[in-house]
Protein chains: 4
Amino acid sequence: MTDPSSPAAPPARRKRVRLAPEVRRHQILDAALDAFGEFGFAGTSMHRIARGVGLSKAGLYAHFASKDEIFEALLTDHMLAPPLDVAWASDEDQSIEALVDGFLDRCYTDRHTPRVLATFRLLIAESGRVPDFVRRWHATVIAPHKAARDAVIHQAVAAGRLPRNGLTENFDLAMAPALMAMMSLLVLTGPQAEAQAAAFRAAHREILLILLDKERGCRR
Amino acid sequence: MTDPSSPAAPPARRKRVRLAPEVRRHQILDAALDAFGEFGFAGTSMHRIARGVGLSKAGLYAHFASKDEIFEALLTDHMLAPPLDVAWASDEDQSIEALVDGFLDRCYTDRHTPRVLATFRLLIAESGRVPDFVRRWHATVIAPHKAARDAVIHQAVAAGRLPRNGLTENFDLAMAPALMAMMSLLVLTGPQAEAQAAAFRAAHREILLILLDKERGCRR
Amino acid sequence: MTDPSSPAAPPARRKRVRLAPEVRRHQILDAALDAFGEFGFAGTSMHRIARGVGLSKAGLYAHFASKDEIFEALLTDHMLAPPLDVAWASDEDQSIEALVDGFLDRCYTDRHTPRVLATFRLLIAESGRVPDFVRRWHATVIAPHKAARDAVIHQAVAAGRLPRNGLTENFDLAMAPALMAMMSLLVLTGPQAEAQAAAFRAAHREILLILLDKERGCRR
Amino acid sequence: MTDPSSPAAPPARRKRVRLAPEVRRHQILDAALDAFGEFGFAGTSMHRIARGVGLSKAGLYAHFASKDEIFEALLTDHMLAPPLDVAWASDEDQSIEALVDGFLDRCYTDRHTPRVLATFRLLIAESGRVPDFVRRWHATVIAPHKAARDAVIHQAVAAGRLPRNGLTENFDLAMAPALMAMMSLLVLTGPQAEAQAAAFRAAHREILLILLDKERGCRR
DNA sequence: AATGAATGAGTTTTCATTCAT
DNA sequence: AATGAATGAAAACTCATTCAT
């Protein structure tokens, strides 16, 4: 079928393709993320990753010294990007509604892609494998990001633009509902999970508007 | 020498112990949860589980037909228990504060045990392995539980004891901050994560009190 | 051909045979010595050893944790036996001729077996792999043996039964020609080498008789 | 930065060097001898040889068609050189002492170099790989050399300058003690082996002087 | 002549599982 | 019920070799 010229043709293997190292590296990490995200580190074989790239097993080793190295490169590439922005309004012009909507876009639209979900599942499932990496990541990526964001929020609170309450003092929690939606997507899959996530988003919006409202969101 | 009862005892290996099937079964599931939770399904060998029980590998097969069967039995045992109570006050006697504190106890104290964390990690990591199981679990455990709880909440809203807002209409979100704390515990480990969780709990309390307050938590 | 009873019979695998650990261990070491001696350590695959024993590859690992462990067990078993006797006549009754002939028997007849040759080749080829082992072996086996033998020889020299010369002061050299014959056997193989060894033995005898003769073997 | 000549030089890897074929060939054989001598044929990878020459693996194939070819070229180059001279006194002027000392120099000083030891180990370890080669080598190199030397010795015996005995009739044995010293160096390494070799040489000298002495070395 | 990416066959080792006791 | 020797399949990784540049 594929090769009518010779009746009993062997597997008809593709010509050897040679690509630039960076390109291959990227392909490999992509395939690895897909596989690790789906089957976990231990459940993913080098064979599967190789197949995903259209390369032989041995070919992987021209670019990475070991499965572990692929794993670490993956985490490094994907997690050293700042996880969330710092856009909580240094300018007063935007309404709370607009700010919240921007935030929700970043929480849901940007973060509910297969790629991000896979990374997230990997983080949960395999963090025990690389505790040092996680610690470093937290210290160099998460903590600074949090500090920057907290500064902005505290300033807005001080300026009276936001109320002082449990949320504005622990602003991580602002994305807790989105995290819950991610969990649904991870565990459930399918339209059921999508619907769930959409409902969460709407409720999330309403909750944030209450908690960030200067009148309603105040302590008592 | 060490054992005068047997003159030339060889390696002095532990006597074969025969236990009642249910006892062994339970031991095995315990050991399996520990191992699966730490290393994932694929990363856990039958040898490790067997060692955890003090049994030989082959001994496991007297109780379970396969590794998969252990896994499914584990999920069944651990997840078919209702995950959270339905105590949101059909009686008016309790103050909101008391109800919230009870809820937080169930969210944090009860759910941040190693056992629950392991189950949770397992759920995230391996849900792709057993989609049917997850669907069934959701349909038979989660959904009914949610329905029951929603009924209670809606009733309280109708009675005017709780405001109508995004939270009371999606009451799952009430535990979103606790979920976030679990994530910290799963990924970070150590006192850092514990401190984080404690801070979350305090903020969580305050947020719930705002959102469930008839005055502050109302829509606009 | 081999199995006319079933035309397209599968490999017709032998029933699983279970042997006592010591028996298997021994079989494995035997097969390993054959293979290592012929192909060297690196040139021998676990598959070949397994085939030599009639066991599956994985079966080897029930008895040895690794290829290296097989190697070391082999050396230990084969080399910790004293390599040569200590029979150089404290009694005066035996003639020099009788002593020399006994010595030559031990040097040629006993030591030119395939087994000993294989061990010897292994020692030369792979001593670099296990320098510590070799050092230990030399210290615990060779050196003590040499010391005991030297004591006997020196005593005979002191008693005037043997001359004092380069040989009686470095009695290792007494077997140098036999070593040379071993080399021939190792390198050449075949009847050519056998003939060589026989000629060496005859000359060896004559040389020893000269050098151990009180008159002719004396210093000048 | 480290290399101001090229502003944005990447990994700064060594320039491709092109050498005359014979030079490279020689370099490769040198590196191969080192590696084969230390790790054996099977234990030596093309990568290691290539690294030893400062060449890429593929580069080796510009000079040799295969690993086996390198091995055979190595043996050919190193072993087709006559292994030992033929200087046993056609002239009567030299004393036995002088002749023996010259012989010992050739046996010890010349032959206990790392290069010769590596070749020797290789011969022992891998002779089974290339039996035809060894046979050819023996027939074309060793046997003629031996014949020439035997002629000289026999002539000296006939002329009465040397006694007729086991040694002069099997003159290979004259270097047996040196061979034994080589074995020590191969197996033991370190100063221990050096000392051993030195002691052997002194005793060797004395033994030869006895055996080649017309009076003492005679048959009875 | 030289390279580095690519490969198929092979390496050692592990694993889930079976079987005879 | 329990064991430990045994197994086929598959894992990670290596290697001699090839090919496009």
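All chains are named by letter (A, B, ...) in the order of the sequence lines, taking the proteins before the strands, and each is independently numbered beginning at 1. Nothing here was measured: the structure is a model prediction, and the numbers come from that model.
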Q: Identify the heavy atoms of Leu74(B) and Leu29(B) that sit nearest to each other, and give their distance.
A: CD1-O, 3.3 Å

Q. Closer to the 5' end of DNA chain E via nearest nucleotide, is it Ala62(D) or Phe41(C)?
A. Ala62(D)

Q.
Run the side-chain hydrogen bond (donor to acceptor under 3.5 Å, both in side chains) test against Arg25(C) and tell me which residues pass, sequence neighbours left out.
A. none

Q: Would you mind reading off the distance between Arg51(D) atom CZ and dC15(F) atom P, rounded to a whole angstrom?
A: 10 Å

Q) How many angstroms lie between atom CE of Met46(B) and atom CZ of Phe64(B), to the nearest 0.5 angstrom? A) 9.0 Å

Q.
Both Lys57(C) and Leu60(A) contact DNA chain E. Taking the nearest nucleotide for each, which residue is further toward the 5' end?
A. Leu60(A)

Q) In whole angstrom, what separates Ile70(B)'s CD1 from dT17(E)'s P? A) 9 Å

Q) Out of dG8(F), dA1(E), dT12(E), which has the shortest distance to the side chain of Ala58(C)? A) dG8(F)

(Q) Rounding to an integer number of Å, can you tell me how far Arg16(C) CZ sits from dA6(F) C1'? (A) 4 Å

Q. Can you check the Tyr61(D) OH to dA6(E) P distance for me, whole Å?
A. 18 Å

Q: To the nearest Å, give me how far apart CD1 (Ile49(C)) and P (dT13(E)) are.
A: 10 Å

Q) Is a side-chain N or O of Arg121(A) found less than 3.5 angstrom from the main chain of Ile124(B), in a donor-acceptor match? A) yes

(Q) What is the distance, to the nearest angstrom, from the NE2 atom on His47(C) to the P atom on dG8(F)? (A) 12 Å

Q. Is a side-chain donor or acceptor of Thr44(C) paired with a backbone partner of Phe39(C) at a separation under 3.5 angstrom?
A. no

Q: For Gly37(D) and Leu122(D), work out which heavy atoms get closest and say how close.
A: N-CD1, 4.2 Å

Q | Shortest non-hydrogen contact between Val53(B) and Arg24(B), atoms and distance | A | O-NH1, 4.1 Å

Q) Where along residues 18-29 of chain C does a heavy atom come under 4.0 Å from DNA chain F, residue by residue in number order? A) Arg18(C), Leu19(C), Pro21(C), Arg24(C)

Q: Round to a whole Å and report the spacing from NZ of Lys67(C) to P of dT14(F).
A: 14 Å

Q: Quick one: stems involving DNA chain E, counted as three or more successive Watson-Crick or G-U pairs, both distances short of 3.5 Å.
A: E:2-21 with F:2-21

(Q) Classify the ring geometry of Phe41(C) against Phe71(C): parallel below 30°, tilted from 30° to 60°, perpendicular beyond 60°. (A) perpendicular

Q. Ser56(A) near the nucleic acid: base, sugar-phosphate alone, or nothing, with a heavy-atom cut-off under 4.0 Å?
A. base

Q. How many Å lie between CD on Glu69(B) and P on dT17(E), as a whole number?
A. 10 Å

Q | Minimal non-hydrogen separation, Ile70(D) against Ala32(D), with atom names | A | CG2-CB, 3.6 Å

Q) Nearest to the side chain of Leu55(C), which nucleotide is it out of dT3(F), dT7(F), dT12(E)? A) dT7(F)

Q: Just compare dA1(E), dA11(F), dA5(F) and give me whichever is closest to any side-chain atom of His63(C).
A: dA5(F)

